[in-house]
Amino acid sequence: MRFDVLTLFPEMFDCLNQSIIGRAVEKELIDINLVNIRYFSNNKHKKVDDTPYGGGSGMVMMPDVVYRAFQSVKTKKAKVVYMTPQGKKLDQKKVEDLSKQEHLIILCGHYEGIDQRVLDKIVDEEISIGDYVLTGGEIPAMVLIDSVSRYVKGVLKEDSIKEESFANGLLEYPQYTRPEAFEGEKVPDILLSGNHQNIEKWRKEKSLEITKKKRPDLLK
Ligand code: 4GX
């Protein structure tokens, strides 16, 4: 799967070279191409933003610069996603849907956002990662790349996706490892019993109990 990220701050994405996503990039299961929007400025000072028409504070990213950055990576199949609090809220269903795309172009706005005309021209879908305000779309883009990449074949161990939170619409059961006793607290006996049918049943019950208690909204 290919991700092209249009951003003014490509260095922010260095953290994707770590851990599971870093390994997926190394193994070429995913390709993350960072495109610095500033490179597409025709201005001698590499200017990418200007003051808003109509007045007001802050700066707006100029449409022509963003458009040229887009044109440098666009393909026929590509889906263009703009990260904004105005978008549809990201959930696991949306993540799974997006993982079926071959090519995602993710547009990250900074400052007061991007000129509406280029958004109208190139954006297929607006996505929000939650109802709070960040300083730019870079962190939301990383959330999208991380969550979507987990569905790409070979990125996770075969079973991990099926067992996790939301796979069955419930939260995860509690996990334990050695030592058997920690600060006087023992691991539940059933997990040491070796009876896998009983263990599975216990885990299902725990999942349901935890979901009822912590996130009853997920059961509706
Ligand atoms: N989920 N942000 C976008 C730039 C901006 C400013 C004004 C439109 C209008 C966010 C989120 C988020 C901050 C990304 C503002 N765009 N993105 N950025 N929550 O807060 O996705």
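Both counts, for ligands and for their atoms, begin at 1 and track the order of listing. Keep in mind that this is a model prediction, so the values were computed, not measured.
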S.K.: Which pairs of donor and acceptor atoms, one on a side chain in residues 186-194, lie under 3.5 Å apart (sequence neighbours left out)?
M.R.:
{"residue": "Lys186", "atom": "NZ", "partner": "Asp189", "partner atom": "OD1", "Å": "3.4"}
{"residue": "Ser193", "atom": "OG", "partner": "Ile190", "partner atom": "O", "Å": "2.6"}
{"residue": "Ser193", "atom": "OG", "partner": "Asn195", "partner atom": "N", "Å": "3.2"}

S.K.: Pick out the protein N or O atoms lying less than 3.5 Å from any N or O of ligand 1, and list each pair with its distance.
M.R.:
{"residue": "ligand 1", "atom": "1 (N)", "partner": "Ile129", "partner atom": "N", "Å": "3.0"}
{"residue": "ligand 1", "atom": "16 (N)", "partner": "Tyr82", "partner atom": "OH", "Å": "3.1"}
{"residue": "ligand 1", "atom": "17 (N)", "partner": "Thr84", "partner atom": "N", "Å": "3.4"}
{"residue": "ligand 1", "atom": "19 (N)", "partner": "Gly130", "partner atom": "O", "Å": "3.1"}
{"residue": "ligand 1", "atom": "19 (N)", "partner": "Tyr132", "partner atom": "O", "Å": "3.0"}
{"residue": "ligand 1", "atom": "20 (O)", "partner": "Tyr132", "partner atom": "O", "Å": "3.4"}
{"residue": "ligand 1", "atom": "20 (O)", "partner": "Leu134", "partner atom": "N", "Å": "2.9"}
{"residue": "ligand 1", "atom": "21 (O)", "partner": "Thr84", "partner atom": "N", "Å": "3.4"}

S.K.: Which pairs of donor and acceptor atoms, one on a side chain in residues 81-88, lie under 3.5 Å apart (sequence neighbours left out)?
M.R.:
{"residue": "Thr84", "atom": "OG1", "partner": "Gln86", "partner atom": "N", "Å": "3.0"}

S.K.: So which heavy atom on Lys212 is nearest to which on Leu219, and how close?
M.R.: CG-CD1, 3.5 Å
S.K.: Could you pull out every donor-acceptor pair under 3.5 Å between side chains of residues 9-28 and any protein atom, sequence neighbours left out?
M.R.:
{"residue": "Asn17", "atom": "ND2", "partner": "Asp14", "partner atom": "O", "Å": "3.4"}

S.K.: Is NZ or CZ of Lys204 both nearer than 6.0 Å to the six-membered ring centre of Tyr173 and within 45° of the ring axis?
M.R.: no
S.K.: Does this structure show an ion pair linking Asp131 with Lys89, if we count only N-O contacts that are shorter than 4.0 Å?
M.R.: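 Here Asp131 pairs with Lys89 in a salt bridge, since their nearest N and O are under 4.0 Å apart.
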